[in-house]
Amino acid sequence: MAVDEGDGASPEGYDPHAVQERWLPVWERLDLNRAGRRPGAEKRYVLDMFPYPSGDLHMGHAEAWAIADVVARFWMRQGYDVLHPTGWDSFGLPAENAAIKRGEHPAAWTYANIDVQAESFKRYGISFDWSTRLHTSDPEYYRWTQWLFLRFLERGLAYRKNSAVNWCPVDQTVLANEQVVAGKCERCGAEVTKRELTQWYFKITEYADRLLDDMQKLEGNWPDRVLLMQKNWIGRSTGAHVDFLVNDRKVTVFTTRPDTLYGATFFVVAADAPLADELCAPERRAAFEAYRAETRKLSDIDRQSTERPKTGVFLGVTATNPLNGEELSVFAADYVLADYGTGAIMAVPAHDQRDLDFARAFDLPVRVVVDTGEEDPAVTGVATSGDGALVNSGPLDGLRKAEAIEKAIEVLEERGTGSRAVNYRLRDWLLSRQRFWGTPIPVVHCPEHGEVAVPDDQLPVRLPEDMKGAELQPKGQSPLASNDAWVNTTCPVCGGPAKRDTDTMDTFVDSSWYYLRYCSPGYEDGPFDVDKVREWMPVDQYVGGVEHAILHLLYSRFFTKVLHDMGMLDFVEPFTSLMNQGQVINQGKAMSKSLGNGVDLGSQLSQYGVDAVRLTIIGAGPPEDDIDWATVSPGGTLRWLNRVLRLTDDVMALTGDGRDATVDKAVAKTVDEVTRLVESHRLNVAIARFHELVNAMRKAVDGEAKPAGSLRDGLTSLAVMLGCYAPYTAEEIWSRLGHDVDAGDSVHDSSWPTADPALLVDDAVICVVQVAGKVRDKLEVSPSIGEDELRARALASPRVVELLDGKEPRTVIVRAPKLVNVVPG
RNA sequence: GCCCCUGUAGCCCAACCGGCAGAGGCACGCGACUCAAACUCGCGCCAGUGUGGGUUCGACUCCCACCGGGGGCACCA
């Protein structure tokens with residue numbers, strides 16, 4: 001990276017640090033960003049995904065918050081009453097790990113980092129309403145996280161069950177499915193293993209359909225890829241449940257292809273499902289158990305590899321096909337998943353590749369029942385899954401795939417051996433964590449009464465404040481379990497001795513509702529003031545990284561729907577519009593310690609100042625694109641800011657009120673375009689418009705006319721618009737233009753400029769005249785020129801006459817006033 | 001393997017509904033200022049839009065295929 005040490009402070013005119021120090025305290029005194037400052041005005045809510053306090057702010061924060069700040073300030077200038085809150089997602093593992101290492105309580109590290117970040121945000125000039133500030137690790141906050149958990153519990157949406165769960169051996173805790181990425185822990189990258197544990201879950205699957213269907217409301221305002229990722233994650237499949245009989249016992253399978261029932265030639269049960277154990281014939285038990293032991297040794301990553309040859313074991317029983325009465329051999333195999341569908345499948349090797357692979361490995365029959373016109377799968381080894389006419393299928397023969405699916409379901413339902421069914425890939429949200437620094441689960445286990453909710457008036461269940469260092473060392477169960485004084489309590493029902501639940505909640509529970517709390521910070525009668533939330537929510541613009549496409553965003557959508565059903569919210573989607581900012585990278589790669597290509601935000605700010613960094617970040621490209629810091633030039637941006645201030649001084653040195661139409665038009669055009677560009681989130685292009693305007697004004701200052709009136713007005717408009725991007729420099733310009741900022745006349749309390757429509761109309765436009773699609777002439781015409789007149793003028797053009805060479809044109813395309821295309825005969 | 005996004009000067013990026021490929025910047029070159037340099041100011045510079053087809057009067061833009069880059073899912077029945 002080219003960092004010229006000399007760039008930092010330019011000798012002439014502009015010291016960004018002095019400007020920052022001058023205006024920051026004035027702004028704090030003027031309290032310009034408080035929500036509710038513009039009573040009666042339409043409300044807007046701008047939100048960044050709140051930060052985790054893992055140290056000081058870095059380049060990634062700088063980008064996300066710069067983007068949201070432009071939007072927030074733009075709306076404020078446009079006269080909206082804007083809520084732009086801030087807080088910290090302050091529970092979580094890094095604090096706990098730091099506490100273990102340092103022999104402290106996690107709160108020490110957490111709140112120290114929060115203070116550092118808060119100062120950095122202030123210096124970075126973000127237009128927060130600081131009165132909204134919250135920390136999810138404050139008892140005043142997690143009290144309500146617990147309260148919400150209890151409401152979920154009452155509604156049957158929180159429940160406890162024993163099952164095989166994802167376990168991270170490094171972080172020593174269970175993980176939600178969403179936190180397992182390609183078989184590895186989303187946080188630390190360790191390979192995830194399985195454990196049998198009794199854990200708390202939220203029943204998000206009950207909302208699968210609504211989470212899917214309501215995405216329709218978000219289309220166009222959320223990035224398509226995020227919606228697609230959620231759709232894939234939820235993974236709705238439609239088909240049928242089909243009941244097979246194994247020794248008089250009903251065993252149901254889920255299939256998306258009931259039309260292929262006549263092509264089922266064997267039957268498979270997930271080897272690790274209890275069902276396999278139950279169905280296994282005594283004489284096959286030894287073989288089955290040996291196979292199951294092998295399966296359990298495999299990691300999820302190996303197990304889920306499609307490259308691996310199919311394995312399995314015959315269970316010594318048969319399943320009866322309900323449609324044709326055929327007896328199918330039942331196998332246990334690890335390619336069938338215990339926790340998807342019913343954990344058992346009917347295998348149709350001709351039309352399913354996995355079944356075909358298994359059939360070929362075990363020499364099982366392959367029967368084609370859909371004639372797709374392709375070669376016999378038994379020969380090619382390639383299953384055919386396309387459309388075609390049904391064959392070898394009794395009553396289904398001759399039907400097309402879609403018709404056959406309907407018919408098969410009809411027949412199954414008539415006979416009572418199956419039914420239409422929908423299945424999801426989405427699993428319930430496992431929320432228990434075996435760690436300390438999180439919201440305690442407000443449940444007491446009583447030997448008499450079982451799981452008992454802690455009554456609302458006893459909330460919050462506080463974390464002990466005296467545990468620190470080695471006491472927090474994870475040992476496969478929550479550190480809270482070793483704190484007898486904390487664990488031992490009394491049952492809220494009978495008053496007898498009982499024990500607290502020692503797990504804490506996934507931190508994604510905390511972040512699933514913080515945007516609601518912001519509407520009424522400090523509210524003591526509930527998690528939020530329902531009326532305030534009605535005023536501000538939903539969030540009009542949410543900004544954050546795409547890494548939360550599924551996790552945080554799916555969970556928040558779920559919470560919102562549940563709270564809606566509880567009658568606390570009158571909307572069903574929390575975030576109307578979502579923007580995913582890209583990453584800041586360096587030299588083509590993500591910044592990392594091992595690569596040594598990290599760029600420190602603090603040193604960039606010291607070197608170039610806040611505004612140059614903010615402008616550079618936003619000007620580098622579209623917000624959603626990655627920014628390669630090696631390709632941008634904060635030094636160049638600082639030079640430009642210097643140029644603008646020099647222009648201001650030169651303009652203020654002029655006398656008189658002279659006007660110039662060229663300058664007035666340039667200003668109007670810039671205002672008009674920048675307004676539309678910011679509205680459509682093309683924030684980078686707006687910066688190019690600022691450059692153009694400054695270039696135009698520079699020319700006017702250096703020219704003969706020196707229209708002081710036009711230039712002062714132009715700078716005034718520029719200062720307001722630029723203020724959204726570069727708040728300090730804009731205030732400095734504003735001040736030099738003669739505004740008394742100290743007395744409250746701040747550019748950050750001014751109004752967005754308006755463009756006089758009369759100035760946006762050009763007197764004349766250039767019309768392109770094409771012959772056969774190639775530009776041959778240009779005409780200066782009135783913007784309101786009629787089609788006929790323009791056609792006549794174009795055809796009269798000497799160049800056109802020459803090229804037509806006396807022939808009649810075949811067609812003449814006229815797009816007044818910009819283009820005429822003459823197509824020769 | 002399946003799905004999605006993306007490819008424009010040396011580099012980063014513009015181009016609204018298909019209508020003159022270039023707004024802005026970086027880098028570079030030349031000139032002015034200077035004793036000189038830096039700073040500053042002025043001027044200049046380079047591509048025909050990954051490749052091959054198609055649709056169209058007209059394609060960076062729409063369609064198809066392929067290549068390169070990025071991402072998501074991955075034995076989901």
Side-chain angles (χ1 to χ4, degrees), chain A residues 2 4 6-7 10-13 181-183 223-229 231-233 235-237 239 253-257 260 268 270 301 303-308 310 333-337 339-348 351-355 357-358 423-427 546 549-550 582 588 615-616 619-622 624-628 630-633 635-637 639-640 642-643 646 673 676-677 680 682 684-692 694-695 698-699 702 766-776 778 809-813 815 818-824:
Chain A
D4 184 344
D7 277 349
S10 24
E12 305 276 334
V181 178
D224 288 344
R225 62 172 171 162
V226 172
L227 295 175
L228 189 70
M229 283 162 74
K231 182 171 179 259
N232 290 341
W233 189 262
R236 178 161 65 190
S237 311
V253 302
F254 172 75
T255 177
T256 56
R257 296 292 306 275
T260 62
V268 189
I301 294 175
R303 194 183 152 172
Q304 293 181 355
S305 164
T306 48
E307 311 293 307
R308 215 161 46 88
K310 293 283 177 286
D334 62 8
Y335 83 92
V336 171
L337 306 176
D339 56 357
Y340 182 78
T342 62
I345 63 156
M346 63 175 205
V348 185
H351 306 297
D352 182 287
Q353 191 60 49
R354 297 154 298 179
D355 296 344
D357 293 343
F358 190 89
N423 200 60
Y424 303 91
R425 192 184 163 284
L426 181 72
R427 310 289 151 78
V546 73
I550 294 169
L615 267 178
T616 301
E624 61 275 13
D625 284 11
D626 286 350
I627 299 168
D628 191 334
T631 68
V632 296
S633 171
T637 308
R639 282 200 294 278
W640 181 77
N642 209 339
R643 208 169 121 86
R646 215 172 327 109
E673 287 191 23
R676 277 180 293 142
L677 288 166
S680 56
R682 288 182 296 164
N684 54 320
V685 187
I687 292 175
R689 297 291 169 268
F690 296 151
H691 287 155
E692 285 174 67
V694 169
N695 290 345
R698 184 77 244 172
K699 276 206 172 69
D702 295 339
I766 301 294
C767 174
V768 174
V769 182
Q770 299 179 333
V771 177
K774 288 195 173 113
V775 180
R776 298 299 189 180
K778 292 182 182 184
R810 186 152 55 101
T811 348
V812 181
I813 311 280
R815 293 283 179 272
K818 292 182 72 179
L819 175 132
V820 177
N821 188 12
V822 180
V823 186

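Close to rU40(B), at under 4.0 Å from its OP1 or OP2, lies a side-chain N or O of Arg639(A).
The side chain of Asn684(A) lies closest to rC13(B) when the candidates are rG19(B), rU40(B), rC13(B). When each of rA23(B), rC12(B), rC75(B) is scored by its nearest atom to the side-chain atoms of Glu692(A), the top-ranked nucleotide is rA23(B). Of the listed nucleotides (rG24(B), rC13(B), rC75(B)), rG24(B) has the atom at the smallest distance from the side chain of Asn695(A). Here rC41(B) is the nucleotide among rC41(B), rA27(B), rC20(B) with the atom lying nearest to any side-chain atom of Arg643(A). Nearest to the side-chain atoms of Val775(A) among the listed nucleotides rA77(B), rC57(B), rC20(B) stands rC20(B). Closest to the side chain of Tyr335(A), from the set rA77(B), rC75(B), rC20(B), is rC75(B).
Taking 3.5 Å as the limit, the base of rC20(B) and the side chain of Lys818(A) contain no donor-acceptor pair of atoms between them.
rG70(B) has its base anti relative to the sugar, with a glycosidic angle deviating from 0 by more than 90°. In this structure, rC17(B) shows a glycosidic angle within 90 degrees of zero, which is the syn conformation.
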TODO: Take Arg776(A) and Val822(A) through the side-chain contact (heavy atoms from CB on, under 4.5 Å) test and state the conclusion after the steps.
DONE: CA-CA 10 Å; Arg776(A) 298 299 189 180; Val822(A) 180; over 6 Å; no

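Contacts of Gln770(A) with the nucleic acid, taken as non-hydrogen atoms under 4.0 Å apart, include base atoms. Within 4.0 Å (heavy atoms only), Lys774(A) reaches no atom of the nucleic acid at all. Nucleic acid contact for Leu819(A): base, since at least one base atom lies under 4.0 Å from a heavy atom of the residue. Using a 4.0 Å heavy-atom distance criterion, Asp224(A) is classed as making no nucleic acid contact. The residue Arg689(A) sits close to a base: some heavy atom pair falls under 4.0 Å. If you check every strand for non-hydrogen atoms under 4.0 Å, Val768(A) touches a base. Within the nucleic acid shown, Ser237(A) comes within 4.0 Å of sugar-phosphate atoms alone, with no base atom in reach, counting heavy atoms only.
Nearest-nucleotide assignment on RNA chain B puts the 5′-proximal partner with Thr811(A), out of Arg427(A) and Thr811(A).
Only the P atoms considered, rA23(B) is 15 Å distant from rA14(B), to the nearest whole Å.
Inter-residue side-chain proximity for Pro622(A) and Asn684(A) is flagged as met; some heavy-atom pair is nearer than 4.5 Å.
Cation-pi check for Lys310(A) over Tyr335(A) is met; the charged atom lies under 6.0 angstrom from the ring centroid and within 45 degrees of its normal.
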